[in-house]
Protein chains: 2
Amino acid sequence: MSERNTRQKAAVMEVLEGFPTPLAAAQILARARQIVPTISLATVYRILKGLLEKEAIAVVQLPGEVPLYEPGGKSHHHYFRCRQCGFMYEVSGCMKLLKGLVPRGFKLEDHELFLFGTCSSCTGSR
Amino acid sequence: MSERNTRQKAAVMEVLEGFPTPLAAAQILARARQIVPTISLATVYRILKGLLEKEAIAVVQLPGEVPLYEPGGKSHHHYFRCRQCGFMYEVSGCMKLLKGLVPRGFKLEDHELFLFGTCSSCTGSR
DNA sequence: TTAGTTGCAAAAGGTTTGCCGTTTT
DNA sequence: AAAACGGCAAACCTTTTGCAACTAA
């Protein structure tokens with residue numbers, strides 16, 4: 001038989017879509033429990049896995065941190081993480097300039113970019 | 001008292017410096033054991049931690065993979081990982097062009113970039 | 001009815017820590 | 001001799017899996 005629509009799946013997607021930044025599995029669990037109190041962490045992981053395969057969500061893998069999840073379908077983007085407040089700002093307009101970085105004969109298929117620094121709220125800039 | 005010079009530390013550094021690409025903790029252990037057969041994984045981790053603090057080595061954190069370690073003191077660089085053969089090619093000449101990506105008022109302090117694709121050996125290019 | 005799902009608990013994989021005996025200085 | 005250090009095993013954390021009970025269709 002085919003895939004079922006369960007309260008748990010709906011809750012996970014609702015959490016992901018209702019939050020402005022990517023979330024870790026544990027955070028998703030906490031928020032999903034406000035909707036379906038009995039949902040377990042194992043279920044969250046299983047649902048995330050399924051959603052990833054369907055590309056309904058995407059993973060954000062900051063170096064050295066646990067994976068974060070966000071709704072899929074967004075256009076190509078990267079993140080700027082503020083070291084002061086921890087907030088992750090989406091950055092778009094990523095250049096194809098990267099192509100110039102690889103030697104002749106190399107085929108660049110994909111890339112991952114993370115920016116770190118201080119956001120305008122934290123620097124006091126306006 | 002101050003830091004000691006042990007065979008284990010020497011072995012870990014020797015492994016790291018003698019290898020062309022970054023290595024994972026488990027790989028470092030395997031190779032270090034050829035020098036000091038009794039060295040343990042816990043010791044490798046403790047030594048790596050100490051070397052990191054002194055910045056004698058650096059970590060390479062590919063998204064979704066275990067941390068890799070390389071000798072420190074290299075100039076700013078990134079990696080191109082070939083999806084066919086898995087080899088990691090060092091890429092330098094990273095642009096400050098990134099600065100144009102962040103909004104006004106944001107202070108860009110650091111960045112992490114990973115390139116993925118196929119290397120020239122694997123494409124058959126010459 | 002019944003195959004996909006869920007919860008729970010156990011397992012796994014990687015990294016860290018406590019304890020105590022060993023080694024460098 | 002003493003402070004560091006190393007080995008071993010246990011602890012930790014996050015993610016995965018086995019299994020019996022549950023539930024959407």
Side-chain angles (χ1 to χ4, degrees), chain A residues 1-16 19 21-70 81 86 88, chain B residues 1-16 19 21-70 81 86 88:
Chain A
M1 214 165 274
S2 71
E3 183 179 304
R4 284 183 199 170
N5 298 322
T6 65
R7 288 171 300 147
Q8 289 86 340
K9 284 180 192 172
V12 168
M13 270 313 282
E14 188 179 326
V15 167
L16 253 22
F19 209 78
T21 59
L23 292 169
Q27 301 173 301
I28 295 170
L29 174 67
R31 291 183 192 301
R33 279 200 159 142
Q34 298 172 3
I35 307 171
V36 183
T38 62
I39 192 174
S40 69
L41 187 53
T43 295
V44 168
Y45 277 112
R46 277 188 285 234
I47 289 172
L48 290 173
K49 188 182 168 193
L51 292 172
L52 279 171
E53 281 163 5
K54 299 191 310 183
E55 290 177 42
I57 63 172
V59 201
V60 180
Q61 271 282 1
L62 282 268
E65 299 187 21
V66 299
L68 307 178
Y69 303 85
E70 66 182 359
R81 157 163 267 168
M88 293 177 63
Chain B
M1 216 163 276
S2 71
E3 184 179 306
R4 287 180 197 173
N5 299 322
T6 66
R7 287 170 302 144
Q8 289 85 340
K9 283 180 192 171
V12 167
M13 271 313 283
E14 187 180 328
V15 167
L16 254 20
F19 210 76
T21 59
L23 292 169
Q27 302 174 302
I28 295 169
L29 174 67
R31 292 188 145 68
R33 279 200 160 143
Q34 297 172 5
I35 305 171
V36 182
T38 62
I39 192 174
S40 70
L41 187 52
T43 295
V44 169
Y45 277 112
R46 276 189 284 233
I47 289 172
L48 290 174
K49 188 180 169 195
L51 291 172
L52 279 171
E53 282 164 4
K54 299 192 310 185
E55 290 178 45
I57 63 172
V59 201
V60 180
Q61 271 281 3
L62 283 267
E65 299 187 22
V66 299
L68 306 178
Y69 304 85
E70 66 182 1
R81 156 164 267 167
M88 294 178 64

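Every value quoted in this text rests on a predicted model; they were computed, and no experiment measured them. Naming: A, B, ... by sequence-line order, numbering from 1 per chain.
A straight line from CD1 of B:Ile47 to C1' of C:dT23 spans 13 Å, rounded to a whole angstrom. Computed from coordinates, the B:Asn5 CG to D:dG6 P distance equals 10 Å when rounded to whole Å. Across the protein-nucleic acid pair, B:Lys49 atom NZ and D:dC5 atom P stand 12 Å apart, rounded to whole Å. Taking atom CG of B:Leu51 as the reference point, atom P of D:dG6 lies 11 Å away to the nearest angstrom. At whole-Å resolution of the value, CD in A:Glu53 and P in C:dT5 are 11 Å apart. Going from atom CG of A:Leu48 over to atom C1' of D:dT14 covers 13 Å, rounded to whole Å.
Salt bridge status for A:Arg81 with A:Glu65: present, with a side-chain N to carboxylate O gap under 4.0 Å. We find that B:Lys54 and B:Glu3 are joined by a salt bridge, their nearest charged nitrogen and carboxylate oxygen being less than 4.0 Å apart.
When the nucleotides C:dT5, C:dT25, C:dA3 are ranked by their closest atom to the side chain of A:Arg4, C:dA3 comes out on top.
Taking CD from A:Gln27 and OH from A:Tyr69, the interatomic distance works out to 11.5 Å, rounded to the nearest 0.5 Å.
Residue A:Val12 is tested with A:Ile57, A:Leu51, A:Ile35, A:Leu23 for a side-chain contact (heavy atoms from CB on, under 4.5 Å); the sole match is A:Leu51.
Look at A:Thr6 and you'll find a side-chain N or O under 4.0 angstrom from OP1 or OP2 of C:dT6. Considering only side-chain N and O atoms, B:Lys9 lies under 4.0 angstrom from the phosphate OP1 or OP2 of D:dC5.
Listed for the A:Lys9 side chain is a donor-acceptor partner under 3.5 Å among the backbone atoms of A:Arg4. Side-chain N or O atoms of B:Arg33 include one that pairs as donor or acceptor with a backbone N or O of B:Ile39 at under 3.5 Å.
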Under 4.0 Å protein heavy-atom contacts per nucleotide of nucleotides 7-14 of chain C, with B for base, S for backbone only and - for none: BBB----S
